[in-house]
Amino acid sequence: MSTERYNAGEAEPKWQRVWEERGIFAAPNEDPRPRYYVLEMFPYPSGRIHMGHVRNYTMGDVVARYKRARGMNVLHPMGWDAFGMPAENAAMANKVHPKTWTYDNIATMKGQLKSMGLSLDWARELATCDPAYYKHQQAMFLDFLQAGLVERKVSKVNWDPVDQTVLANEQVIDGRGWRSGALVERRKLSQWFLKITDFADELLDGLGDLDRWPEKVRLMQENWIGKSRGMKFRFRLAEPRPGMESFEVFTTRPDTIFGSSFAALSPDHPIALALAETRPEVAAFIAECKRGGTTAAELETAEKMGFDTGLEVVHPLDPDWRLPVYIANFVLMDYGAGAIFGVPGHDQRDFEFAAKYGLPIRRVVAAGPEDAGKPIAGEAESGDGVLVNSRFLDGMDVESAKAAVIARGEAEGWGAGTIAWRLRDWGVSRQRYWGTPIPIVHCGACGAVPVAKEALPVVLPEDVAFELPGNPLDRHPTWKHVPCPRCGADALRETDTLDTFVDSSWYFIRFASQPADRPFDRAIASQWLPVDQYIGGVEHAILHLLYARFWTRALRRLGRLDIAEPFAGLFTQGMVTHETYRSLDGRWLSPEEVEVGAAGPVETATGSAVETGRIEKMSKSKKNVVDSDVIVDQYGADATRWFLLSDSPPERDLEWSEGGIEGAWRFVQRLWRMAAQGGGGDGQDQPLERRLHRTIAAVTANIESLAFNKAIANLYELATVIEKAAPSASRSAAVETMLRLVAPMAPHVAEEAWAALGKNGLIARAPWPEADPALLVEDEVTIAIQVNGKLRDTVKAAKGAAREDLEAMAVENENVRRILAGAAPKKVIVVPDRLVNVVA
RNA sequence: GCCCCUGUGGCGGAAUUGGUAGACGCGCUCGACUCAAAAUCGAGUUCCGCAAGGAGUGCCCGUUCGACUCGGGCCAGGGGCACCA
């Protein structure tokens with residue numbers, strides 16, 4: 001075997017070909033081995049693979065290769081989240097068809113992924129923009145519709161009047177469309193909604209079983225679902241009129257009912273709208289409320305505004321007590337009942353409102369009965385306490401008072417305990433071209449009619465123009481004109497397409513099973529699912545992961561799938577970051593444009609000083625992107641993979657560094673040299689074997705817990721020990737085992753060295769090494785000798801040495817005696833096999 | 001405003017249940033090999049101190065024989081939600 005340098009450029013494509021030709025990464029549906037499904041969030045084909053992708057897929061690949069070595073039938077697929085806005089933007093900017101753009105990107109990125117040596121089952125590849133994929137999505141949409149899980153509702157959207165399209169909140173910047181710069185209007189549009197709120201309880205409860213999800217993600221979902229226990233009750237108008245007798249309010253603080261000093265309606269509340277019809281000043285106020293933007297920052301600074309309607313309602317617990325009814329801009333129509341009762345003393349918003357409009361601020365909760373007269377000053381008090389100034393509630397604690405008011409409301413029939421959710425139904429209509437067509441036809445006579453299942457897919461037309469703003473589907477001369485599926489009259493296709501989050505809500509099921517005639521086979525899909533290990537960015541912690549959970553549960557409710565949760569294990573990996581550089585006049589500079597001199601970094605071209613900016617996520621605009629192709633060319637896929645796994649814990653951000661990738665490259669070479677030197681020699685090397693088996697155990701445990709950085713540290717240590725060991729049979733065996741341990745992370749060099757050692761078969765198919773428990777037990781341990789908890793010496797002792805012997809050894813220790821200076825120790829603490837602490 | 005996470009050398013980070021802080025990597029210093037360089041190998045590298053020794057895991061307090069680890073109070077950085085009644 002040659003001891004020349006390992007040539008990754010030659011070896012890597014060679015082994016990738018071998019793996020592919022032998023089809024060793026295929027996951028047969030029929031196979032006696034236990035199954036394991038590892039999945040990384042599939043990429044959007046934006047153009048090129050970036051380091052974040054590589055890090056993500058490398059982690060998944062380590063798991064896949066490791067589980068395969070453990071004898072499992074591993075499903076590790078890859079596909080493309082291929083619908084979305086960037087393709088349309090590219091179409092507008094470069095006059096290239098979204099389909100061409102998307103498939104070109106897929107070809108490029110697939111080549112890049114292949115050069116990483118990922119152990120993927122490419123036979124299961126899918127792209128969501130393929131009619132063979134989205135036709136099943138259309139079918140499921142119709143199934144959901146039939147099952148009552150789809151609804152058409154009017155909702156408010158951000159409308160860009162220039163681009164003639166709906167914008168997501170993130171696309172509205174300072175109240176203007178991000179592309180057109182036009183002032184965004186809040187329009188009402190009929191849109192399709194999926195009734196995710198039907199599953200609010202299930203989705204919340206289900207989180208409790210997801211013990212292999214990050215606590216943080218479960219918490220974020222819990223907050224997003226936002227379950228609040230409270231009470232709904234009805235306010236009667238003091239002077240009822242036809243159609244305007246009463247309205248409902250929701251509160252989480254029924255205990256404060258005697259602290260109420262007003263009621264407030266949302267500007268969208270039916271009563272507010274009814275008043276606006278006859279009273280121009282009401283209409284004007286409602287219009288005023290709507291003018292403000294919808295962004296978080298604007299809402300935060302928005303002042304409380306109210307309009308006194310002149311109406312009054314009767315307090316439910318006192319027929320003689322009347323409260324004014326306002327319309328208030330801070331009351332949301334789609335939460336609770338769209339109306340509230342205001343308790344200024346104990347709610348900060350109500351406090352601000354009351355202060356502005358001169359309404360009474362009453363205390364009904366206090367630290368104790370003696371504080372009943374203490375005024376509420378400065379801000380509302382939302383804390384716990386004892387009820388005061390509250391008639392029959394006086395003296396109760398907050399919880400008892402809540403229960404008492406609810407009980408009374410239920411007994412007297414004016415109110416009841418209830419639950420409010422923050423979660424809203426999922427609006428899936430998008431006024432865009434590059435998405436799944438919604439399979440509906442609007443007929444003047446029949447209304448919204450589903451397309452017949454046999455007529456699916458509703459295929460996107462390809463002859464579309466992007467020169468004009470708006471939805472090309474809507475402008476297409478013929479596409480939308482179809483007969484009504486029900487009555488045959490002239491009708492119009494739905495021209496909205498589905499939110500791309502729908503596409504990614506079930507792709508993991510389609511990976512598991514892909515029959516041509518239906519979305520998936522129930523039995524096969526239910527065998528593979530749930531995904532054992534899902535890996536992706538934390539930016540999907542809420543939307544994608546919640547939608548996928550909903551879709552899975554909806555399928556189960558429809559009897560299509562046997563599982564409730566799609567992802568049994570979830571891991572959210574950190575970003576890949578890099579330093580940023582800026583010239584003094586504010587231009588971003590790429591690392592290649594900067595060189596570090598004695599006086600700090602300077603711009604190579606001009607020699608002027610450069611400001612080193614924050615370490616940030618790699619992005620084109622900040623010019624801090626390191627291209628994976630360039631790195632793989634220079635260092636090879638193994639070194640790239642190794643570095644991405646080594647430097648930081650996988651859940652944290654990883655800073656890309658030249659030094660880091662160099663170090664990884666050195667290790668690959670070192671590994672090759674170690675194998676090239678071979679073992680030679682006979683005989684046993686007990687210490688080396690012990691060390692080897694300790695490493696096997698440690699690496700195994702660390703890969704199991706996805707602590708790749710620690711597994712790599714274990715391997716570095718082992719490498720040093722092997723290099724220093726004299727030739728022996730043990731050493732030869734250690735080198736081979738080392739290669740097997742390294743193989744999931746650096747598969748090519750492991751394969752090349754394995755072959756060079758003359759081993760039969762592929763290391764990619766070799767079983768995982770087992771640690772021999774007998775070799776994990778040390779017969780000699782190091783005992784720390786402490787005085788008052790401070791380390792004074794360490795001594796070797798036989799494992800399992802008696803307490804008395806250890807104590808005697810410590811007390812007689814020279815350093816200990818010097819510190820004690822003849823005094824007797826007060827106490828001696830002995831922790832067997834660990835330490836002795838002499839308390840002076 | 002509410003909820004959550006993080007804080008350890010020059011840097012990334014290790015430290016079963018509280019039990020020898022700084023593994024491993026990067027960087028740096030010195031040395032070997034070389035005419036020289038690259039590559040490689042060896043030694044060192046928390047801080048103060050020549051040393052003995054002392055200090056040290058964001059800060060303060062506490063529990064303990066013993067605290068990076070547990071409790072209380074702060075500070076800093078980051079993330080999520082956001083007029084959710």
Side-chain angles (χ1 to χ4, degrees), chain A residues 5 214-224 226-228 230-231 249-253 256 264 266 292 295-305 328-332 334-343 346-350 352-353 379 382 420-424 538-539 541-542 615 642-643 646-649 651-655 657-664 666-667 669-670 673 701 707 709-720 723-724 782-795 825-831 833-840:
Chain A
R5 234 184 231 189
E215 184 60 38
K216 178 184 164 184
V217 174
R218 285 188 291 172
L219 219 105
M220 281 163 69
Q221 293 214 352
E222 190 180 318
N223 291 338
W224 186 263
K227 182 178 188 172
S228 296
M231 181 185 193
V249 295
F250 173 75
T251 177
T252 55
R253 293 294 302 273
T256 61
S266 163
T295 61
E298 283 170 309
L299 289 174
E300 190 180 11
T301 51
E303 209 185 324
K304 302 274 176 291
M305 288 196 299
N329 64 337
F330 65 93
V331 181
L332 307 174
D334 48 6
Y335 182 78
I340 60 160
F341 77 105
V343 183
H346 305 284
D347 181 284
Q348 185 57 26
R349 289 156 309 183
D350 297 350
E352 288 167 27
F353 190 83
E379 57 182 12
S382 56
W421 303 89
R422 229 189 65 101
L423 185 68
R424 307 287 149 80
V538 72
E539 66 273 19
I542 298 174
I615 293 163
W642 190 262
F643 172 52
S646 68
D647 241 30
S648 288
E651 68 279 10
R652 278 201 222 170
D653 289 354
L654 169 82
E655 193 193 340
S657 72
E658 199 66 16
I661 180 71
E662 294 268 1
R666 274 200 294 274
F667 180 76
Q669 294 298 334
R670 198 174 152 198
R673 278 197 305 275
N709 58 323
K710 293 190 227 169
I712 280 179
N714 301 145
L715 289 164
Y716 271 118
E717 283 181 274
L718 179 63
T720 305
E723 281 164 351
K724 288 185 174 163
T782 305
I783 305 287
I785 307 290
Q786 299 180 335
V787 178
N788 293 333
K790 281 206 162 104
L791 184 71
R792 294 302 172 183
D793 205 353
T794 58
V795 294
K826 282 200 194 110
K827 193 168 161 188
V828 180
I829 311 273
V830 180
V831 183
D833 296 335
R834 286 223 161 226
L835 62 77
V836 183
N837 186 17
V838 179
V839 184

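Every chain is numbered from 1 and lettered A, B, ... according to where its sequence line falls, protein lines coming before strand lines.
Between the OH atom of A/Y716 and the C1' atom of B/G25 there is a distance of 6 Å, given to the nearest Å. Residue A/N788 contributes atom CG, which lies 16 Å from atom P of B/G53 at whole-angstrom precision. Rounded to whole Å, atom C1' of B/G19 lies 11 Å from atom CD1 of A/I829. Atom-to-atom, CH2 of A/W642 to C1' of B/G25 comes out at 11 Å; the value is rounded to the nearest Å. A/N837 places its CG atom 10 Å from the P atom of B/A67, with the value rounded to the nearest Å. Note: CD1 (A/I712) to C1' (B/G12) measures 13 Å, nearest angstrom. Atom C1' of nucleotide B/G25 and atom CG of A/N709 are separated by 10 Å, given to the nearest angstrom. The distance from atom CD of A/E222 to atom P of B/C84 is 18 Å, rounded to the nearest whole Å.
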When you check every protein heavy atom under 4.0 Å of nucleotides 38-45 of chain B, what one-letter string (B, S, -) results, 5' to 3'? -SSSS---
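When the nucleotides B/G19, B/C24, B/G54 are ranked by their closest atom to the side chain of A/E717, B/C24 comes out on top. Closest to the side chain of A/Y335, from the set B/A85, B/A23, B/C65, is B/A85. Closest to the A/R349 side chain, of the nucleotides B/C84, B/U20, B/A14, is B/C84. Residue A/R652 has its side chain nearest to B/G13 when only B/A21, B/C65, B/G13 are considered.
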Under 3.5 Å donor-acceptor pairs involving side-chain atoms of residues 335-342 of chain A, not counting sequence neighbours:
residue, atom, partner, partner atom, Å
A/Y335, OH, A/S228, OG, 3.4

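Residue A/S657 is classed as having no contact, given no heavy-atom separation below 4.0 Å to the nucleic acid. As judged by a 4.0 angstrom heavy-atom cut-off over every strand, A/Q348 is placed among residues making no nucleic acid contact. Within 4.0 Å of A/L835, counting heavy atoms only, lies at least one base atom of the nucleic acid. Across all strands shown, A/V331 has heavy atoms under 4.0 Å from base atoms, whether or not it also approaches the sugar-phosphate. Residue contacts shown for A/G226 are absent, as no nucleic acid heavy atom lies under 4.0 Å away. Residue-level contact check: A/T251 touches the backbone only, with heavy atoms under 4.0 Å from sugar-phosphate atoms and none from bases.
Under the 6.0 Å distance and 45° angle rule, A/K304 counts as a cation-pi partner of A/F330.
By the side chain to side chain contact (heavy atoms under 4.5 Å, CB included) test, A/S657 pairs with A/F643, sequence neighbours left out. For the salt bridge (Lys or Arg N to Asp or Glu O under 4.0 Å) test, residues two or more places apart in sequence or in another chain that qualify with A/R424 are A/D334. With sequence neighbours excluded, the residues forming a side chain to side chain contact (heavy atoms under 4.5 Å, CB included) with A/A707 are A/N702, A/S705, A/N709, A/K710, listed by chain and number.
Using atom C1' as the reference point in both B/G7 and B/C74, the two lie 14 Å apart (nearest Å). Using C1' as the reference atom, B/C5 and B/G9 are 24 Å apart when rounded to the nearest Å. Only the P atoms considered, B/A52 is 28 Å distant from B/C60, to the nearest whole Å. A distance of about 10 Å separates the C1' atoms of B/A67 and B/G19, rounded to the whole Å. To the nearest whole angstrom, the two C1' atoms, one in B/U46 and one in B/G27, are 15 Å apart. The gap from the C1' atom of B/G10 to that of B/U45 amounts to 11 Å, rounded to the nearest Å. B/A15 and B/A23 have their C1' atoms separated by 8 Å, with the value rounded to a whole Å. Taking atom P on both B/C61 and B/G53, the two are 27 Å apart, rounded to the nearest angstrom.
Close to B/U20, at under 4.0 Å from its OP1 or OP2, lies a side-chain N or O of A/R834. Between B/G54 and A/K790, no contact under 4.0 Å exists linking OP1 or OP2 to a side-chain N or O. Contact annotation: A/R422 side-chain N/O to B/C3 OP1/OP2 distance is not under 4.0 Å. Dashed line: the shortest gap from a side-chain N or O of A/N714 to OP1 or OP2 of B/C24 is not under 4.0 Å. Contact annotation: A/K216 side-chain N/O to B/C4 OP1/OP2 distance is not under 4.0 Å. Contact between the side-chain N/O atoms of A/K710 and the OP1/OP2 oxygens of B/A15 is found at a separation under 4.0 Å.
Closest heavy-atom contact between A/A541 and A/M220: CB-CE, 3.5 Å. When all heavy atoms of A/V538 and A/K216 are compared, the pair lying nearest together is CG2-NZ, 4.0 Å. Across A/L791 and A/T794, no two heavy atoms sit closer than the pair CD1-CG2, 4.2 Å. Taking both residues in full, the closest heavy atoms of A/N788 and A/N837 are given as N-OD1, 3.3 Å, listed atom of the first, atom of the second, then distance.
Remark on RNA chain B: of its neighbouring residues A/G659 and A/R792, the 5'-side contact belongs to A/G659, judged by nearest-heavy-atom nucleotide. The residue among A/A337 and A/V538 whose nearest nucleotide of RNA chain B lies closer to the 5′ end is A/V538.
Rounded to the nearest 0.5 Å, atoms CG (A/L423) and NZ (A/K227) are 12.5 Å apart.
A salt bridge is absent between A/R349 and A/E352: the closest approach of a Lys/Arg side-chain nitrogen to an acidic carboxylate oxygen does not fall below 4.0 angstrom.
Taken together, the paired segments of RNA chain B that extend over three or more consecutive Watson-Crick or G-U pairs, each closer than 3.5 Å at both contacts, are B:1-7 with B:75-81, B:10-12 with B:24-26, B:27-32 with B:40-45, B:46-48 with B:53-55, B:58-62 with B:70-74.
Using a 4.5 Å heavy-atom threshold, the side chains of A/L219 and A/N223 count as touching.
Note: A/W642 and A/F667 have parallel aromatic rings, judged against thresholds of 30 and 60 degrees for the angle between ring planes.
Below the 3.5 angstrom threshold, one finds a donor paired with an acceptor across the side chain of A/R424 and the base of B/C84.
Shown here, B/G9 is classed syn by the O4'-C1'-N9-C4 or O4'-C1'-N1-C2 angle, which is within 90° of 0.
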